[in-house]
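Structure, as structure tokens:
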Amino acid sequence: TGLVGTKMLQLLAERNFPVTELIPVASEKSIGKKVSFKGKEYAIVGWQDAVAMKPAVAIFSAGGSTSKELAPKFAEVGCTVIDNSSAWRMEPGIPLVVPEVNAHVLTAADKIIANPNCSTIQMVVVLKPLHDKYKIKRVVVSTYQSVTGTGKKAVDQMMNERAGIKGEMAYAYQIDMNALPHIDVFLENGYTKEEMKMVNETKKIMGDDSIRVTATTVRIPTIGGHSESVNIEFEKDFDINEVRDILSKAPGVVVVDDVKNLKYPMPIHAHDKDDTFVGRIRRDETQANTLNCWIVSDNLRKGAATNAVQIA
């Protein structure tokens, strides 16, 4: 019933996922409500009923505590759980998967599979082919993230502020005409949980703990997708045209990089698309073997629903 769950249903239909039986599950307050899928109405059931039906696949987007409690219950009946929360991502033995990057780690025995954080997904899709060629030493990333990443309440807050209406607040401050350098909770080290997710998840997905990552994540008043300014230091030097060529051939990546004609990725263009867009590709002139680029992707699609459906 949430933004991501709704998008997941849309994607299962769009991709003609082989569904013989759809079982929509939500919290108790939503049981009995209807959702539509491929022109048919389905009644929402509780998790106990869903587990009893022993589905083949369960795609979760219900928050960390729900996932921690319920994913094992589905897994116990032989169901493969693909979880969109942060609950299982850094758990040893649980695969954290972006199909274009590390689909090879999946086995039939994996009954709980973690879907990474939205801002990490779009970054590693671009990093992986470059890492294979030049070996990444360090990544510095600053994000410009859509309010849709917080959910419907945040979108409503922004639209209310735009219309001059007082309403429920998803953030501690106004978001319209503002930028909040604060996504998720602050940790002891002064970074936010979102920033540390990018640090830790990147290493796990790329299968390389030697990659150093530092992040600053910012919420901005936009919908359509997350944007990232990414500075990448390699061990080997690169040719800028070769970089463009590698990225243009990488799965799930679209290069939009023609500054003479003002062509570069923006959330307004990424909205409702599955690709990750990269542009502003240029050498960092202050340091050897270092590249700057700008990465944009729809956080509800590739950053969440699309990636989960691809895993399924």
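Excluded from the calculations below are hydrogen atoms, water molecules and symmetry mates; all remaining heavy atoms, backbone and side chain alike, are included.
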Apart from [X] itself, what residues make up its hydrophobic cluster when side-chain heavy atoms of I, L, V, M, F, W and Y under 4.5 Å apart count as a link, directly or indirectly?
X: M169; result: none
X: F60; result: I23, V25, V45, W47, V51, M53, L70, F74, V77, V81, W88, I94, I112
X: I268; result: L262, Y264, M266

Ion pair check, [X] and [Y], cut-off under 4.0 Å:
X: K203; Y: D208; answer: no
X: E161; Y: K166; answer: no
X: D298; Y: K302; answer: no
X: K128; Y: E100; answer: no
X: R301; Y: E14; answer: yes
X: D257; Y: K263; answer: no
X: K197; Y: E194; answer: yes

Which is it for T148 and N299 under the side-chain hydrogen bond (donor to acceptor under 3.5 Å, both in side chains) test, yes or no, and what are the steps along the way? CA-CA 8 Å; T148 57; N299 55 295; 2.9 Å; yes

Applying side-chain hydrogen bond (donor to acceptor under 3.5 Å, both in side chains) to S36 and Y42, what does each step give before you reach the verdict? CA-CA 6 Å; S36 66; Y42 292 82; over 6 Å; no

Check: K273 side chain, H269 main-chain N or O, donor-acceptor pair, under 3.5 Å: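 Judged by distance alone, yes, a pair lies under 3.5 Å.
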
Could you go step by step and tell me if T192 and D184 meet the side-chain hydrogen bond (donor to acceptor under 3.5 Å, both in side chains) rule? CA-CA 6 Å; T192 65; D184 212 324; over 6 Å; no

State whether the number of non-hydrogen atoms from other residues, nucleotides or ligands found under 6.0 Å of K152 atom NZ is greater than 12.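 No, because the 6.0 Å sphere around NZ of K152 holds 12 heavy atoms or fewer from other groups.
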
Results of salt bridge (Lys or Arg N to Asp or Glu O under 4.0 Å) for D275 - residues two or more places apart only: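 Counting only residues at least two positions away or on another chain, D275 forms no salt bridge (Lys or Arg N to Asp or Glu O under 4.0 Å).
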
Given side chains that start at C-beta, do those of L9 and V35 come closer than 4.5 Å, heavy atoms only?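 L9 vs V35: side chains touch.
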
In this structure, which one of I136, L127, V139, N117 forms a side-chain contact (heavy atoms from CB on, under 4.5 Å) with T202?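 Single side-chain contact (heavy atoms from CB on, under 4.5 Å) partner of T202 among I136, L127, V139, N117: L127.
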
Partner residues of A179 under the side chain to side chain contact (heavy atoms under 4.5 Å, CB included) criterion, sequence neighbours left out: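 Side chain to side chain contact (heavy atoms under 4.5 Å, CB included) list for A179, sorted by chain: V218, I220.
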
Let's go through Q174 and Q157 carefully: what are the C-alpha distance in whole Å and the side-chain angles of both, what is the deciding distance for side-chain hydrogen bond (donor to acceptor under 3.5 Å, both in side chains) to 0.1 Å, and is it a yes or a no? CA-CA 8 Å; Q174 119 181 18; Q157 177 184 333; over 6 Å; no

Contacts table for residues 228-242: side-chain donor-acceptor under 3.5 angstrom, sequence neighbours left out:
unit_1	atom_1	unit_2	atom_2	d
N231	ND2	D284	OD2	3.0
N231	ND2	N292	OD1	2.9
E233	OE2	K137	NZ	3.4
D237	OD1	R283	NH1	3.1
D239	OD2	N241	N	3.1
D239	OD2	E242	N	3.0
E242	OE1	Y134	OH	2.8

